[in-house]
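Everything numeric here is computed off the predicted structure, so don't read it as measured data. We name chains A, B, ... by the order of the sequence lines, and we start the count at 1 in each one.
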Amino acid sequence: MSAVIGHSGHGGTVDAAGHEHAHEEHHGAPHGWKRWVYATNHKDIGTMYLVFSFTMFLFGGVLALGIRTELFHPGLQFVNPQLFNQLTTMHGLIMVFGAIMPGFVGFANWLVPLMIGAPDMAFARMNNLSFWLLIPAAIMLAGSFLMPGGAPAAGWTIYAPLTLQMGPSMDAAIFALHILGASSIMGSINIIVTILNMRAPGMTLMKMPLFCWTWLITAYLLIAVMPVLAGAITMTLTDRHFGTTFFNPGGGGDPVMYQHIFWFFGHPEVYIMILPAFGIISAIIPAFARKRLFGYTSMVYATASIAILSFIVWAHHMFTTGMPVTGQLFFMYATMLIAVPTGVKVFNWIATMWRGSMTFETPMLWAVGFIFVFTMGGFTGLILAMAPIDIQLQDTYYVVAHFHYVLVAGSLFAMFGGVYYWGPKWTGVMYRESAGKFHFWTSLVFFNVTFFPMHFLGLAGMPRRYADYPLQFTDFNMLASIGAFGFGLSQVYFLFAVVLPMMRGKGAIAPQQPWEAAEGLEWEVPSPAPFHTFETPPQLNAAGTKIIGAAAGSAH
Amino acid sequence: MTMRAFTRRALGLAALAAASFAAAAPAVRDLKGGPAVNQLNLPPAVTQIAEDQQWLHHFMLIVCLVIFIAVFGVMFYSIFKHRKSLGARAAHFHESTTVEIAWTIVPFIIVILMALPATKVVVAMKDTSAADLTVKATGLQWKWGYDYLSGEGAGIGFLSTLDVAQREASDRGAPEGDDYLLRVDNPLVVPVNKKVRVILTAADVIHAWGVPSLGVKQDAIPGFVRDTWFRATEPGNYYGQCYELCGKEHAYMPIHVKVLAQQDYTAWASQKVKEAAAKADDPSKVWELAPLVARGEQVYSANCQVCHQANGQGGGNIKPLDASPTVLDADKTKQIHVVLNGQGGGAMPSWKQLSDTEIAAVVTFTKNHWSNATGQIVQPSEVAAARK
């Protein structure tokens, strides 16, 4: 982003504590392509992650619009059923592994060192590798459309034994997922080591901003479950090519075992995609309520509880596979239990707002929008957790509505809020408030126009991943398609009215502290954040939110 | 009803804008036992389980609505009152263990209260014992096979496929009819007020058999057997679709359950049993090559293809049949022996349960398909001899 593209002039001139910096020559940002290819600076890598994730988001969005175009009207008009299945599969894979997950890693790269007063991520070169691994994986994934037989068409969950019928693109996707998994694991190790070892003196764990906490827990989840996914898809690969029959009933394999392994990864994955969002919201709400976050400690414990519970609920994705009564009951109870810590989080946010002194700049709008719409997704989650109701709703559009309420209105809205909130710090440029508000309101309205009718379609029994449908479902599908195009266009508006101007440095200059009451070390450094920050550990106030001087011996 | 008419009109207006973009939406009416136009809720229940599911759903909706109003009432009150622009000054409280414990325990209790009625329904749903009629449903790419295993009509079996005209209409982009994509050639026929146990499996990939009005949905998994049940309380036609992504034609393998009054069912079943008996093979018949190969192809795709593949190449420890020495051997008894008794310690199972005609047909088929061109014909009598 701008700062980023042309800020070598600012870089290194003033360090965090305000000292003239002696080593500008050595510490300024490198120039040209080498700066990005050899990047070891957490801010540059963070920027690349965010740009990558937004690119994949637009690509995945185009695939979604392909789906909605075909479903606008019953009958096949634009794509054949095989291509339709490819679109749904690739939309899911790209949004989950290409857009949401790298997006949050981008936030972590930019913010974790700034928030804890560290000079950079712990393993700078591994950080570079974990970003650049994304590129071949993304190319392989997107390029699979051009392979014989087209892209994988077995759904983003790539259930066996349908995967055995896929063409060579399935192998490309498996390889891509392996690489993405390796990248995620490296990123997680980096984040954990950075948070545990590189906090400034006085920044105790329980003083860290909640965003660091949620990412710390997320990173552990990633390390725990990415290898599980790798195992599942490796077994799929050997089933496909090397004559094993892990999941192939033709040789005594068990297709349901694949689902157990996949969802043992897949359910924690859901929380991997939402916990950092909780962290972002927990930063924004107090800043614009001008009041400290209510119940910080309980927020940390609630996050940890959600993470632990996420390991024992996986089979609620499988109620229709035919589990014994006790299995269904156990997974139903465990799933419903997750509502408790999630509820605690929502209550804490509202208690933070209560008797605050609120203003509603764009980041706050996204945060409040997040709470409102995400909670609706939470309610439908509770309804789906009830095994008897899930029998009716499993694999219908109700499920599609539910997970878009938590993934789009949850993860994505939180990231948008984060971009508006920290964007001025990243780029040194303020976005236009009117543009931000327009983006928010159009996104919110069109999101609901798209996904709310899907609840009705699901209750009426319309199965998901259908290229064509009975005529009774026509009106709601039309409505959803119109909403989807509106939502897509408002993201194009976001690109041209917010992202590009900020990256090109066009707009009002952002002050060091653009928000009246935002707290945290990231607001203690100038805007845009200099290329190097906290090269010497800062001395913090008691709350760990302000710099009161450099540590002894750090003056140049 | 007026409420329903009202919502429908409102939705109609909303959809009007949509409709004006495309060609006018095809005229369609509610399908009884299937989806209604712009249906907003679960369909009318025809089984006790479906009724319980609806009750639970409404119960959950009410509880969630109450929580929704309480939580967001507070939030929006705060949003409108505690604004800087109204002169609100921020309070300083930021912690209260009492409050945290309270809002952990209260949701916990609510969750338990929700789980109790659901538990009862789960237990009832899973009780497939003491069925009056047992039907096996087999998911195939992309149709359903039904075999009546026990109860009145045992022995009946047929395939159920989407109406070809509807499939073509889909390709043309010209859908029409209230039962678009739901009309099949042979519906599953069952008697009213009888406990019907449906046993599910699949021949290729995972499918899912679900009928919303009956409150059932169960995955059909290749290599495994699962079951579910329903007891329909009203005669009529009930529709469902495949609910697990199963490949290209996933949207085109609907389910149609026809529930008949007891005497109508009895009449239908005895008619079907008679037809089946008339079609049964005479084991002493002497076959020509072509019809026997055609018959064998059906047997092959129903029983052998899962492992040996359509191309006869097998895979892994499944031996290829194409160019197999056993298949090509001039001594026909060698292959008949393998099919009857299995080999490789069960890797190739025994197929004794197939009829002499079926085994004769499938052996003849493999001997005269792919690159195999032996010209050999195996007659049912030869299989009967090999059984001894």
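- Of all residues in residues 458-465 of chain A, those placing a non-hydrogen atom less than 4.5 angstrom from a non-hydrogen atom of chain B are A:Leu459, A:Ala460, A:Gly461, A:Pro463, A:Arg464, A:Arg465.
- Aromatic rings of A:Tyr466 and B:His250 (six-membered ring for Trp) have centroids within the 6.0 Å cut-off, being under it.
- A 6.0 Å sphere centred on CZ of A:Phe485 holds more than 12 heavy atoms belonging to other residues, nucleotides or ligands.
- Expressed to the nearest 0.5 Å, how far CD of B:Glu249 lies from CD of A:Gln82 amounts to 9.0 Å.
- The most heavy-atom pairs under 4.5 Å with chain B, out of A:Phe360, A:Phe319, A:Tyr333, come from A:Phe360.
- Between the side chains of A:Thr320 and B:Asp219, at least one donor N or O sits under 3.5 Å from an acceptor N or O.
- Neither the backbone nor the side chain of A:Val449 has a heavy atom closer than 4.5 Å to any heavy atom of chain B.
- With a 4.5 angstrom heavy-atom cutoff, A:Asn85 touches chain B only via side-chain atoms.
- With respect to chain A, the highest number of heavy-atom pairs below 4.5 Å among B:Lys126, B:Gln141, B:Arg89, B:Gln166 belongs to B:Lys126.
- Remark: B:Arg83 CZ is packed, more than 12 non-hydrogen atoms of other residues, nucleotides or ligands lying under 6.0 Å away.
- Using a 4.5 Å heavy-atom cutoff, the side chains of B:Phe224 and A:Val256 are not in contact.
- Separating the OG atom in A:Ser298 from the CD atom in B:Glu100 is a distance of 3.0 Å, to the nearest 0.5 Å.
- For A:Glu516, the part sitting under 4.5 Å from any heavy atom of chain B is the side chain, from C-beta outward, and nothing else.
- Considering all non-hydrogen atoms of both residues, A:Pro249 and B:Gly223 come closest at CB-CA, 3.7 Å.
- For A:Asp468 against B:Ser170, the heavy-atom pair with the smallest separation is OD2-OG, 2.6 Å.
- Not a single donor-acceptor pair under 3.5 Å links the side chain of A:Arg292 to the backbone N or O of B:His92.
- Residue-level contacts of residues 383-394 of chain A with chain B, in order of numbering, are A:Ile383, A:Met386, A:Ala387, A:Pro388, A:Ile389, A:Ile391, A:Gln392, A:Leu393, A:Gln394; threshold 4.5 Å between heavy atoms.
- The main-chain N or O of A:Met353 is found under 3.5 Å from a side-chain atom of B:Ser78 such that the two form a donor-acceptor pair.
- The contact between A:Ile371 and chain B is made by backbone and side chain atoms together, counting heavy-atom distances below 4.5 Å.
- Neither the backbone nor the side chain of A:Leu83 comes within contact range of chain B; no heavy atoms are under 4.5 Å apart.
- Here A:Ser357 is the residue among A:Ser357, A:Ala153, A:Gly243 with the most heavy-atom pairs under 4.5 Å with chain B.
- In this structure, no portion of A:Ala302 lies under 4.5 Å from any heavy atom of chain B.
- A:His241 NE2: more than 12 foreign heavy atoms inside a 6.0 Å radius.
- Here the side chains of A:Pro470 and B:Tyr239 are not in contact, with every heavy-atom distance at 4.5 Å or above.
- One finds the CZ atom of A:Phe347 at 12.5 Å from the CE atom of B:Met75 (value rounded to the nearest 0.5 Å).
- With a 4.5 Å cut-off on non-hydrogen atoms, A:Leu162 touches chain B through its backbone and its side chain both.
- Interface residue A:Met332: only side-chain heavy atoms are found under 4.5 Å from chain B.
- Contact of the B:Phe108 side chain with the A:Leu337 side chain is registered, since non-hydrogen atoms from C-beta on lie closer than 4.5 Å.
- Neither the backbone nor the side chain of B:Thr97 comes within less than 4.5 Å of any heavy atom in chain A.
- Here the side chains of B:Phe68 and A:Thr375 are not in contact, with every heavy-atom distance at 4.5 Å or above.
- Heavy atoms of A:Tyr159 lying under 4.5 Å from chain B belong exclusively to its side chain.
- Neither the backbone nor the side chain of B:Arg183 has a heavy atom closer than 4.5 Å to any heavy atom of chain A.
- If you take CZ on A:Phe379 and CG on B:Leu65, they are separated by 8.5 Å, rounding to the nearest 0.5 Å.
- Taking CG of A:Asp395 as the start and CG of B:Leu245 as the end, the distance is 8.5 Å to the nearest 0.5 Å.
- Only the side chain of B:Ile221 comes within less than 4.5 Å of a heavy atom of chain A; its backbone N, CA, C and O stay farther away.
- Listed by chain and number, the residues in a ring-ring contact (aromatic ring centres under 6.0 Å, His included) with A:His455 are A:Tyr398, A:Tyr405, A:Phe452 (sequence neighbours excluded).
- Remark: B:Phe76 pairs with A:Phe372 by the ring-ring contact (aromatic ring centres under 6.0 Å, His included) rule, at least two apart or across chains.
- By the 6.0 Å and 45° rule, A:Lys291 stacks over the aromatic ring of B:Phe93.
- Heavy atoms of B:Val216 lying under 4.5 Å from chain A belong exclusively to its backbone.
- Annotation: side chain of B:His94 is not in contact with side chain of A:Leu293 (no heavy-atom distance under 4.5 Å).
- Between the CH2 atom in A:Trp354 and the CD1 atom in B:Ile79 there is a gap of 11.5 Å [rounded to 0.5 Å].
- Heavy atoms closer than 4.5 Å to chain B are found in both the backbone and the side chain of A:Asp254.
- When all heavy atoms of B:Asp178 and A:Gln472 are compared, the closest pair comes out as O-NE2, 2.8 Å.
- Residue A:Met376 touches chain B through its side chain alone, counting heavy-atom pairs closer than 4.5 Å.
- Of the atoms belonging to A:Asn348, heavy atoms from both backbone and side chain fall under 4.5 Å from chain B.
- The shortest non-hydrogen separation linking B:Pro175 to A:Gly75 is CG-N, 3.9 Å.
- In this structure, chain A has no heavy atom under 4.5 Å from any part of B:Ala208.
- At a 4.5 Å heavy-atom cutoff, the contact between B:Cys246 and chain A is made by backbone atoms alone.
- Side-chain contact check for A:Ile350 versus B:Tyr77: every heavy-atom pair is 4.5 Å or farther apart.
- Contacts of A:Ala289 with chain B are made by backbone atoms alone, with heavy-atom separations under 4.5 Å and no side-chain atom involved.
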Exercise. Given A:Thr297 and B:Glu95, is the side-chain contact (heavy atoms from CB on, under 4.5 Å) satisfied, shown in steps?
Worked result: CA-CA 9 Å; A:Thr297 322; B:Glu95 224 163 18; 3.5 Å; yes
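- What you find for B:Arg226 and A:Thr321 is that their closest heavy atoms are NE-O, 2.7 Å.
- At a threshold of 4.5 Å between non-hydrogen side-chain atoms, the residues B:Ile206 and A:Pro161 count as touching.
- A:Ala339 approaches B:Val111 most closely through the heavy-atom pair CB-CG2, 4.4 Å.
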